[in-house]
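This report refers to the structure that appears directly beneath it.
Note that these values count all heavy atoms, side chains included, but never hydrogens, waters or copies made by symmetry. For clarity, every value in this text was computed on a predicted model and none was experimentally measured.
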Amino acid sequence: MATPQTRYSFHVFLSFRGEDTRKNFTDHLYTALINAGIRTFRDDDEIRRGENIESELQKGIRESKISLVVFSEDYGSSRWCLDELVNILNRRKKEGHTVLPVFYTVSPEDVQNQTGSFAKAFVNHEKRGNAESGEKRKEWMEKMEKWRVALKEVAELEGMCLAKEVDGHEAKFIQKIIKEILKRLNRTVLSVPSYTVGLESRVKDINSWLQDESSEVGIGMICGLGGVGKTTVAKVAYNSNYDRFDGSCFLANVREISEKHPNGQVYLQKQIFESILKGRKDKIYNADEGIVKMKDAIGNKKVFIVFDDVDQLDVLDSLIGTRDWFYPGSKILITTRCEKLLKSYERHMLFKIKELGVDESLKLFSWYAFAQDYPLEEFKMLSTEAIQHCGGLPLALYDLGSFLSGRDMEIWRSKLQKLEAIPHSRVQKNLEISYKSLDDHDQRLFLLIASLFVGKDKDYVIKFLENSDLHPTVGIQNLIDRSLISIDDENKVMMPPLIQDMGKEIIRRESPDDPERLCKLLNQCGLSNCLTENNNLCAAGN
């Protein structure tokens with residue numbers, strides 16, 4: 001029997017009929033398993049070309065804690081699948097291996113009694129056996145009997161059946177499977193959104209870094225716009241890797257806690273201390289004392305700590321100090337909107353999270369609006385229009401898709417018209433965090449760029465603003481560091497549409513009834529002499 005100390009290479013062995021489900025249900029299930037941090041063996045991922053497939057599959061079963069068997073319409077026709085099922089159940093008998101059957105497009109009764117599509121499959125198997133003679137025929141019939149016994153046995157196990165779900169939604173069914181797997185694994189993981197698109201590619205390099213087995217203490221930083229999915233990416237990386245370390249901690253909302261909590265740094269230190277030491281509580285009266293205790297806690301074991309949403313280096317310094325605090329092989333992962341946050345750290349990995357592309361945006365929006373990865377035919381054009389208001393930000397796609405789900409076309413058109421005039425409130429609030437972190441000079445510079453200079457040559461912008469009090473050269477770099485603007489290959493100042501909308505909305509909000517509000521902003525920046533020379537520019541911005 002497997003002991004509690006057994007180390008498994010995989011949490012789950014995924015058994016399925018490839019022709020039936022590889023490109024739909026099983027692919028979505030596999031992605032959900034990976035996002036939940038469940039290491040999963042799937043034949044096309046784990047078996048390299050040229051290897052012995054049968055022996056590698058048997059190895060995959062042995063090295064997995066649970067076998068997840070997906071029964072579909074054509075499962076019974078595959079001799080390969082049926083042999084695999086026999087091997088899985090043999091291991092269950094000998095070692096207590098856990099097996100979870102999932103009845104996708106068939107009923108447990110059809111599997112147990114070999115009726116429906118299974119009856120047709122076994123008719124064909126029997127024809128194949130009758131075509132043989134002598135010993136070969138006998139061996140084939142014995143194999144068929146093993147298949148029948150295995151199917152009867154697995155159907156009697158406690159499993160999950162899509163047909164018995166009230167609404168039959170595959171996405172909800174998959175989430176129930178994930179919860180059941182986590183329950184059987186007895187793993188505590190961080191929740192991630194039910195619907196994700198493009199996460200696997202965005203997490204791939206982070207996982208490779210976390211699994212590089214280096215003896216150095218590694219520091220990595222995930223950066224990008226607010227709402228682009230940095231926290232979700234960090235959670236998926238944490239779920240997939242936390243049990244590879246001797247201790248782990250995911251510290252959420254660092255910026256908010258350090259700003260709003262009466263003694264934020266001590267509070268954060270306590271959270272790390274208790275997580276790394278498995279719940280042990282020690283009193284920490286001040287940040288200096290916390291530093292001493294932190295060094296003791298993390299200095300003698302390989303740890304993995306995630307600091308989510310960090311915007312101040314001094315807060316980070318009080319929590320992680322220097323590399324020599326940590327045991328060799330430890331990893332620190334930070335999410336931030338500020339690309340230059342770690343400029344004082346000589347060696348660190350940078351993982352930039354980009355906005356979703358058009359195809360990815362449409363898929364994610366469709367999941368929230370239609371519970372599938374493509375829009376309904378009659379909503380195709382409206383869906384394409386809707387994602388243009390989201391700028392590739394998962395947060396915006398979630399908000400808009402969820403709001404429009406189940407609504408009629410009249411509501412869709414009205415909402416999209418409203419977005420032309422008034423941006424998403426929750427998304428804007430999230431994006432404004434980056435704006436509010438700027439000093440007064442950089443805030444005014446940002447508002448001017450959003451209103452007047454998007455698409456303009458950077459050198460032109462600097463020259464235009466050189467007589468102001470905005471210090472445009474360093475100010476533009478600060479905005480780049482905060483992911484609020486970028487400079488393209490042609491040296492033009494670019495800004496994501498939702499960020500530009502935010503800037504214009506801030507100006508409108510501060511002076512809602514003043515048609516001269518932009519001119520006033522120029523005047524505040526010491527650019528009153530530009531008003532007469534650039535009347536057209538000012539008018540265009542208003």
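- Side-chain contact between Glu355 and Ser361 is absent, with no heavy atoms from C-beta onward closer than 4.5 Å.
- Rounding to the nearest 0.5 angstrom, the gap separating the OG atom in Ser275 from the CD1 atom in Ile272 is 8.0 Å.
- Side-chain atoms of Leu68 and Ile177, non-hydrogen and from C-beta on, do get closer than 4.5 Å to each other.
- Between Leu395 and Arg426, the shortest heavy-atom distance links the atoms CD1-NH2, 3.1 Å.
- When Ile174, Ile38, Leu14 are each tested for a side-chain contact (heavy atoms from CB on, under 4.5 Å) with Tyr30, only one passes: Leu14.
- Crowding of Glu410 atom CD: a count of heavy atoms from other residues, nucleotides or ligands under 6.0 Å not exceeding 12.
- Without hydrogens or angle criteria, Ser240 side chain to Val236 main chain gives a donor-acceptor distance under 3.5 Å.
- Using modelled atom types, no side-chain atom of Tyr435 and backbone atom of Gly503 make a donor-acceptor pair closer than 3.5 Å.
- Arg337 and Ser434 share a donor-acceptor pair across their side chains, judged by distance under 3.5 Å alone.
- Contact annotation: the side chain of Gln271 approaches that of Ile257 to within less than 4.5 Å [non-hydrogen atoms, C-beta and beyond].
- A donor-acceptor contact shorter than 3.5 Å links the side chain of Asp20 to the backbone of Asp74.
- The pair Lys331-Asp212 meets the salt-bridge criterion, with a side-chain N (NZ, NE, NH1 or NH2) lying under 4.0 Å from an Asp/Glu carboxylate O.
- Between Leu342 and Leu316 there is a side-chain heavy-atom pair separated by less than 4.5 Å.
- Side chains of Ile433 and Arg255 form a contact here, defined as non-hydrogen atoms less than 4.5 Å apart.
- A salt bridge links Lys380 and Glu377; the closest N-O separation between the charged side-chain nitrogens and carboxylate oxygens is under 4.0 Å.
- A donor-acceptor pair is defined here as one N or O able to donate and one able to accept, closer than 3.5 Å; no such pair exists between the side chain of Thr335 and the backbone of Thr231.
- At a threshold of 4.0 Å, the pair Glu180-Arg184 counts as salt-bridged, since one of the basic side-chain nitrogens sits closer than that to a carboxylate oxygen.
- With a 4.5 Å cut-off on side-chain heavy atoms, Cys161 and Pro108 count as touching.
- Panel note: side chain Asp457, backbone Tyr460; a donor-acceptor pair is recorded below 3.5 Å.
- Val70 and Tyr75 get closest at one heavy-atom pair: O-CD1, 3.4 Å.
- Atom CE of Met409 has more than 12 heavy atoms from other residues, nucleotides or ligands within 6.0 Å.
- Under the 6.0 Å cut-off for aromatic ring centres, Phe464 and Phe453 qualify, their centroids lying closer than that.
- Side chains of Ser248 and Tyr238: a donor on one and an acceptor on the other come within 3.5 Å.
- Between Phe41 and Phe13, the two ring planes are parallel [angle under 30°; tilted spans 30° to 60°].
- For the pair Lys458/Asn491, a side-chain contact is recorded, criterion being any heavy-atom separation below 4.5 Å from C-beta on.
- Contact detail for Pro472 and Ile462: the closest heavy-atom pair is CG-O, 3.8 Å.
- Residue Glu339 forms a salt bridge (Lys or Arg N to Asp or Glu O under 4.0 Å) with just one option from Lys230, Arg482, Lys352, and that option is Lys352.
- Enclosure of atom CD in Glu259 by more than 12 non-hydrogen atoms of other residues, nucleotides or ligands within 6.0 angstrom is indicated.
- In this structure, Leu341 and Leu313 approach most closely via the heavy-atom pair O-CD1, 3.4 Å.
- In this structure, the side chain of His11 engages the main chain of Arg39 through a donor-acceptor pair within 3.5 Å.
- Side-chain contact between Ile480 and Gln477: present, with at least one pair of heavy atoms (C-beta onward) separated by less than 4.5 Å.
- Ionic pairing of Glu360 and Lys363 is not present here: no N-O contact between side-chain nitrogen and carboxylate oxygen is shorter than 4.0 angstrom.
- Heavy atoms only, all atoms of each residue included: Leu333 and Phe304 are closest at CB-CE1, 4.0 Å.
- Using a 4.0 Å cut-off between a side-chain N of Lys or Arg and a carboxylate O of Asp or Glu, Arg444 and Asp469 qualify as a salt bridge.
- Panel note: side chain Ser107, backbone Asp110; a donor-acceptor pair is recorded below 3.5 Å.
- The two residues Arg17 and Ser77 have their closest heavy-atom pair at NH2-OG, 3.5 Å.
- Classification of the Trp412-Phe379 ring pair by plane angle, with boundaries at 30° and 60°, yields tilted.
- For Asn35 and Thr196, the side-chain atoms include at least one donor-acceptor pair closer than 3.5 Å.
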